[in-house]
Each structure stands twice: as structure tokens, then as C-alpha cells.
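Everything on this sheet refers to the single structure shown next.
Please read all numbers here as calculations on a predicted model, not as lab measurements. Below, chains carry the letters A, B, ... as their sequence lines are ordered, and counting in each starts from 1.
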Amino acid sequence: MRYSQAFIPTLREVPSEAQIPSHQLMLRSGMIRQVAAGVYSFLPLGYRVVKKVITILQEEMDRIGGQEFHLPALNPIEIWEATDRVAAMGDVLFRLENRRNLVLAPTHEEIITYHARQHIKSYKELPQIWYQIQTKFRNEPRPRSGVLRGRQFLMKDSYSLDATWEGLDQSYQKHYEAYHRIFSRAGLRFFVVGASSGAMGGSASQEFMVESPHGEDTCALCDHCGYAANLEVATSALPPVPRLDPSPPLELFPTPHAKTINDLIEQFGVPEERCAKSVVYIVNSQPVLILMRGNDELNEEKLAAALQTTQFRPAEPEEIADIFGAAPGSIGPINVPDSVRILADTLLRETNGLISGANKDGYHYKNIDLVRDVGTIEYFDLRTVREHEPCPQCQQPLRIVRAIEIGHIFKLGTKYSEALGATILLEDGSEQPIIMGSYGIGVERIIACYIEQNHDDKGIIWNPALTPYDLLLIGINVHKDSAVRDIAEKLYEQLQQANFSVLFDDRAVSAGIKFNDADLLGFPLQLIVGPRTLKEQTVEIKIRRSGERLHVPLDAAISTVQEWYHKLSEAET
RNA sequence: CGGGGCGUAGCGUAGUCCGGUUAGCGCGCCUGCUUUGGGAGCAGGAGGUCGCAGGUUCGAAUCCUGCCGCCCCGACCA
């Protein structure tokens, strides 16, 4: 491609709406343009990168036996009602005003299961891995960070269909390995975390993460043993609050000015871990009292997993007063109405000597014994792990980092096959729902994360795997100097014949502009031909990543490019 | 949805508080001449419903009301 004829609208200045490097550089390099909040056009240069990512995805999915589909974005709403996901997705599901029986698909479990039900009748036809790379629509409440969270985005989604749970484990493992290869080939530094399966009812789930301050997820990492978990499921080896022996007697005491755990600690000098913080949630319109150690933070994802529902919210102060007869600062587990379910974090399991509100304004109890003084308590891991807590595997301090989710693998089970009646007959003649897995990769996120990890103050630094063109041939003064032009044209021909995709900067602009655009666009290699090199019968090869410049004789140009390209490609794997 | 910010030419912005000639500047764009290895110089030129609608006023980018859009933080995100 000749640059003079290419549509590559680069920007010298940073558009004000772009806050993070990948967004800024994708705009500045002419890869994307915004059309609406969370909606972007890919311009030719950006789309070349998309196609390269898609090729990697297809190759690796095909390698594990995946078969590519192209499913419709328009879905009948009935099928979404059948799995109860119209309600579950809520406002995130796009609906159509002038065709109300259709919705825009945010994911494709339903359609896949629909086709499985149509045609898969026997265990003999399984396993299957079905995938597609397609546009998803999600009415995100707040799109952000360029293409990192959009209302319309590309996703590689795949689904495994198995007759047995062991089969599901194998399909899941194949995806795990394929995902490793995909992200490695894309040149990403990433890690895998255990994740919540949430209210979807699946059994196991892992997320592929890229560490970034711009990420929307938070993970606990152990650099020592490799433990990694999303904070929604992360645990630590923090010891539980030990029992006192003998158990001291329950005692009511006035605390007129203590509304928070910190007040209690300051005013009465009590140890933080002996305080039991009481929080109240309304779960399916029933009150639930939750006891947390000291100032530990309740994790709502863990609560959702414990309660097996996401239909809950913190209680309002008025509701708390109605139920407990006291303000939020004075409630506790003693004298709780029978209708209130009591949960406690596992750190408090069957312990004693605790201080908590007395359900009487201005009073607390001390020496509460959860076994002696409180009715039925259900214990769950509910607390949010904090920085520096000991790793649950090796006791070394945990690190808490922000991360961007680029892939998610998920053992679904039979939720969708049951809801939609996708069943098979087994060898013994019995009928059973197909056992499914679902696996997703965000295409734009791979690109944005790559740029987040591979840029400098001048621009993007592409590797051979994702670069929109293999290399940039820069002709200095080609429009004025016919000797340079002849050489440049010849190299342009030869490079293409050697199977390189080449962008040939033949524009009639100054050298400085060409060099700056070259660094901004970030192709792995720049081949520079100008009057200066011509005098010595050489060309200059600049390696974008290192900034290294080689001067090679004209007749060695192609072979040197091939060598270096090979070297750069090797370095990736 | 809560909080904050913003909307003036393709991009970046000044002007808005305190209403008043023709809305200014840099980059980019067009023409000519000169220049030519890290975003050239000179000269000339094109390009604006000041987000939209209504209101106040002799007069509105500027004041008032409503709406729309975009960004950031939070909530949310199988």
C-alpha cells in the first residue's frame, strides 16, 4: 500500500476524551474513530489488526477441534425468556422498539443451545466445540476507556457440548490451553485467576487477566507461589479469631458515643479483631444479619455466592430500626428477631469474647460467645482480602492489583440445556441434558491491552503477530529525487515479492513528518531510503522496539529484513 | 442511576464570571515561491447553525429554562 493513497488519518494532538494510552494511540494512529459512547468504527489500519487477531483466534480454536459458526445478532426474545435471562440481563439487553419480539444478542448460549437441541440427539455426536467471532451488543451503563468497554464489541465466544462431566473437564482444559497460546501469540503478558461463577450456577470459572491500573477488576496475586484470584473469590491465610477459655460472661455496657468500630476501638481500647461488625442486607425482601470481623469489608460477590442469588441490597437505616429496634451503629447478634437469618464470616467461626451492638441505642455487649449466646449461624467466607495478607497457599504477602479481563472460561453445566430442553440419549437409553461450557475472548481488548503494554512516548510498538503492515518503507524526498524514487520503488516491489505486507511512505512531505508517523504507527521495522543512504549505496533499517539502526548494502536489504523479521517473530514465542 | 467536568472549524483551545464592532489563536487543509534526515519558512486563502430548543434583551458564544451529547469517579458489569 502506498501511504499517499492510504486512509490513515493520524493525529498530532491527543483528543481530549482519551485518557489512557491505548485509547489515545488508537485514535492518534488512525486505527479507530468514535461514533457514539461505547461505539467505534475501525478504520483500515485498525481493522488490519483486528483481522490478525481473528486469524490467531481461528487457528487456535480450529486446533482444539472448534468449528466456526456465524450466529445472528438478532435473537427471538422468547428464547431469552425461556432461560430467564431477559430479567437477569435487565437493562443491559438491547431491545428493538419496532420489532419487540427480537433482541440484540449480548452473548450466544441460547442460540447455541437452540441448535444443539435441534440436531444433537445422542452421546455419540459429542463432544462438540462450536465457536464464532461476532459482534456483541450490551447496553453498558457506562462505556469507558475507548474500546475496552463498549456497547458494541467483537467477541470470540465458544461453547463446548459434552455428554459427561469428565468430557466437560477435557473441553475446558482444551480451552485453557488454547487461551494460553492465543494470548502468548498476541504478545500479551497475562495471568490466570480463579473467578466467581456468580449466580450462573456453573462449577468452575477462570479469567485471563492483564495487569493494568486501568482495569476494572481487582485481583490478589502471590509473586512467590503464583496464587492468583479475582478479589471476588480470593482468600488469605489470616488466622481465625481464637476462642478465649474460659468464655467470659456476657456483659451489657453503655457506649453513648460509639457508632462505628473505630469509635469502639478509640473509646474503649478494645482490640479490633474482638469487634464484630454487623451489617444488614435485604435478601428477597427478608432481612439477613451479617457479622464481619472488626473492620473487614464484606464482599458482595462472595455474599451472592453464599446466598445463591444476586437479589439483595443493603438495608436502609429505617428498615434496620424497624427490625432491630436500634440504629445501624448499635445492632448486633444478641436478641435478634427469629425471622432474621444470621451469617458470619469464617474468621469468626464459633468464637467468643466479641463486642457487638446490643440492639439498643447507645449500648454494646461484650464477651459475646457465638456458640453460647447466638442461635443458628451460617458461616461463609465473606470478607474482602487486603494487600499484604498471607497467601492461602504459601503464607507470603499477597499483592493486590487492578487488571483487565481479556478472556473467561466457564463450566456452565446444564443450566441452558435444561431450560431449553437440549437433551441426549446415553448408552443406557436414559435421557440427559447436554453438559456445556462457555468461553469468551474480547477481540478489541486484546488490541488495547497489547498497546497498553507495548508503547513509548512516540507511539505504538507492534510485534510481527499483530502489526497492520509487516514494515514501513520510507522514501525520503521520493517526490523530488528520482534516484531515491527508483531505488524505493524497486525495494517496494522486492519486499512484496518476498511476501511482506508493506506500507510505502511515498508522500510528498518532509522527512520529519515521515519519521514521526513511522514511530507513531509503530511497525516493527522501518526501511529508510534517502539521498544520504543512497550516496553509500545502503539502506537504513530501524528496529522500532529497540530504536537500533542498521546500515546495510542495497543488495543485502531484503535478506537483512528477512533475518530481522524472523528474529523479531522468534522473540515473541 | 449518584457525583464532578465539558460541548466554540478536522484536532487542540481563548473568549463565558462582568452581554456590545467582523468570534481569536496554534496545528491541520488549499495556492504560490523557497526549503528538504526528526512534525520547515514566507505570502495569500478556504473553513464556524459557538451542542439543540425556547426565553430575557435594542443586542446573546456570554444571562435564564428545558433537552441532547461526550468524558471522568462511583454504583453496576452472567
Side-chain angles (χ1 to χ4, degrees), chain A residues 9-20 23-24 27-28 30 33-40 80 83-93 106-110 136 138-146 148-151 153 157 195-202 205 207 214-218 230 232 300-301 304-305 308-310 313-314 404-405 408-413 415-416 436 438-440 442 458-459 474-481 484 505 507-520 526 528-535 539-540 542 547 549 551:
Chain A
T10 57
L11 300 175
R12 195 160 166 177
E13 284 169 294
V14 180
S16 55
E17 75 267 14
Q19 305 289 317
I20 68 171
H23 189 195
Q24 294 174 346
L27 288 168
R28 286 191 55 211
R33 285 294 180 268
Q34 185 176 32
V35 173
V39 181
Y40 289 85
W80 286 82
T83 55
D84 206 25
R85 289 176 104 191
V86 173
M89 304 284 319
D91 199 42
V92 170
L93 185 68
T107 173
H108 280 83
E109 280 83 5
E110 276 77 1
K136 304 294 185 209
R138 295 185 189 182
N139 187 21
E140 294 290 347
R142 182 151 97 78
R144 72 188 94 177
S145 306
L148 276 180
R149 177 167 292 277
R151 293 209 167 110
F153 59 97
D157 47 321
S196 168
S197 42
M200 270 190 82
S205 156
E207 291 166 335
H214 309 298
E216 299 179 275
D217 286 271
T218 312
N230 195 306
E232 63 199 30
E300 291 199 349
E301 285 83 10
Q308 293 289 303
T309 176
T310 54
R313 59 174 173 83
I404 298 166
E405 179 188 343
H408 197 165
I409 55 178
F410 203 111
K411 291 185 186 176
L412 273 184
K415 176 176 163 141
Y416 296 91
M436 297 176 62
S438 120
Y439 317 87
K458 289 188 168 299
I474 302 176
I476 306 290
N477 293 337
V478 271
H479 58 297
K480 290 275 177 69
D481 187 326
V484 172
D505 194 345
R507 293 176 299 170
V509 297
S510 73
I513 290 175
K514 295 189 179 192
F515 290 141
N516 281 301
D517 276 340
D519 289 343
L520 173 63
Q526 298 166 18
I528 304 161
V529 190
R532 221 185 254 185
T533 63
L534 206 59
K535 237 180 276 172
V539 299
E540 185 176 329
K542 176 177 167 180
R549 291 160 189 278
H551 294 266

Can you tell me the pairing partner of B:C1 across any strand shown, Watson-Crick or G-U wobble, with both distances under 3.5 angstrom? B:G74
From CD of A:E405 over to C1' of B:C77, roughly how many Å is that when rounded to an integer? 10 Å
In this structure, CD1 of A:I528 is separated from CD1 of A:I476 (nearest 0.5 Å) by 6.5 Å
Hey, are A:E207 and A:S205 close enough side-chain-wise for a donor-acceptor pair under 3.5 Å? no
Looking at A:R33, does any N or O in its side chain come under 4.0 Å of the phosphate oxygens OP1/OP2 on B:G10? no
Whole-Å distance separating the CG atom of A:D217 from the C1' atom of B:C77: 9 Å
For nucleotides B:G3 and B:G66, find the distance between their P atoms and express it as a whole number of Å. 15 Å
Partner lookup for B:U31, please. Criteria are Watson-Crick or G-U wobble with both distances under 3.5 angstrom; report none if nothing qualifies. B:A43
Identify the residue among A:Q526, A:K514, A:K458 that makes a side-chain hydrogen bond (donor to acceptor under 3.5 Å, both in side chains) with A:D519. A:Q526
Distance below 4.0 Å between A:S16 side-chain N/O and B:U13 OP1 or OP2: yes
Using Watson-Crick or G-U wobble geometry with both distances under 3.5 Å, which nucleotide pairs with B:G38? none
With a 3.5 Å cut-off and just heavy-atom distances, do the side chain of A:R149 and the base of B:C77 make a donor-acceptor pair? yes
Please classify the nucleic acid contact of A:D481 as base, sugar-phosphate, or nothing, using heavy-atom distances under 4.0 Å. nothing
Any side-chain heavy atom of A:S145 within less than 4.5 Å of one from A:H23? no
What nucleotide among B:G37, B:C76, B:C71 has an atom nearest to a side-chain atom of A:R144? B:C76
How far does the C1' atom of B:G15 sit from the matching atom of B:A60, given to the nearest Å? 14 Å
Tell me whether the side-chain N/O atoms of A:R12 come closer than 4.0 Å to OP1 or OP2 in B:G28. yes
Under 4.0 Å, heavy atoms only, any strand: does A:V14 hit a base, just the sugar-phosphate, or nothing? sugar-phosphate
Answer with base, sugar-phosphate or nothing: what part of the nucleic acid does A:A36 contact at a heavy-atom distance below 4.0 Å? sugar-phosphate
If only side-chain N and O atoms of A:S510 are considered, is one of them under 4.0 Å from the OP1 or OP2 phosphate oxygen of B:G39? no
In whole Å, what separates the P atom of B:A40 from that of B:U35? 16 Å
Just call it for A:P15: base, sugar-phosphate, or nothing, with non-hydrogen atoms closer than 4.0 Å on any strand. sugar-phosphate
Return the value, rounded to whole Å, for the distance between atom CZ of A:R507 and atom C1' of B:A40. 15 Å
With rounding to the closest Å, how many angstrom separate the P atoms on B:A53 and B:U8? 16 Å
A:L11 CG to B:C29 C1': how many Å, rounded? 14 Å
So what does A:P9 hit on the nucleic acid, given a heavy-atom distance under 4.0 Å: a base, only sugar-phosphate, or nothing? nothing
With heavy atoms under 4.0 Å as the rule, sort A:S145 into base, sugar-phosphate or nothing. sugar-phosphate
Does a donor on one side chain and an acceptor on the other come within less than 3.5 Å for A:E110 and A:T83? yes
Nearest-nucleotide pick for A:A511, side chain only, options being B:G37, B:A40, B:C76: B:G37
Any base atoms under 4.0 Å from A:A88, or only sugar-phosphate, or nothing? Heavy atoms, all strands. nothing
Using whole Å, report how far CD1 of A:I404 lies from C1' of B:C77. 15 Å
Starting at the 5' end of RNA chain B and moving along, which residue's nearest nucleotide shows up first, A:R151 or A:E216? A:R151
Rounded distance in Å - NE2 (A:H479) to P (B:G37): 11 Å
Inter-nucleotide C1' distance (B:C52, B:C33), Å rounded: 46 Å
With no angle test and no hydrogens, is the base of B:G38 tied to the side chain of A:D519 by a donor-acceptor pair under 3.5 Å? yes
Residue whose nearest RNA chain B nucleotide is more 5′ - A:Q526 or A:E13: A:E13
Both distances below 3.5 Å, Watson-Crick or wobble geometry, any strand: find the nucleotide opposite B:U21. none
For nucleotides B:A9 and B:G47, find the distance between their P atoms and express it as a whole number of Å. 15 Å
To the nearest 0.5 Å, tell me how far A:L11 CG sits from A:Q24 CD. 11.0 Å
Between atom CZ in A:R142 and atom P in B:G3, what is the gap in whole Å? 15 Å
Tell me the partner of B:G7, counting only Watson-Crick (N1-N3 plus N6-O4 or O6-N4) or G-U wobble (N1-O2 and O6-N3) with both under 3.5 Å; none if nothing fits. B:C68
Expressed as a whole number of Å, how far does the C1' atom of B:G19 sit from that of B:U57? 9 Å
Rounded distance in Å between the C1' positions of B:C25 and B:G48: 15 Å
Separation of atom CG in A:L520 from atom C1' in B:G38, rounded to whole Å: 14 Å
Hey, does the side chain of A:Q34 come within less than 4.0 Å of B:G69's phosphate (OP1/OP2), counting only N and O? no
Side-chain donor/acceptor of A:N516 to backbone N/O of A:G512, under 3.5 Å: yes
Testing the 3.5 Å rule here: is there a donor-acceptor pair between the side chains of A:N230 and A:E301? no
Could you please name the partner base of B:A61, counting Watson-Crick and G-U wobble pairs only when both distances are under 3.5 Å? none
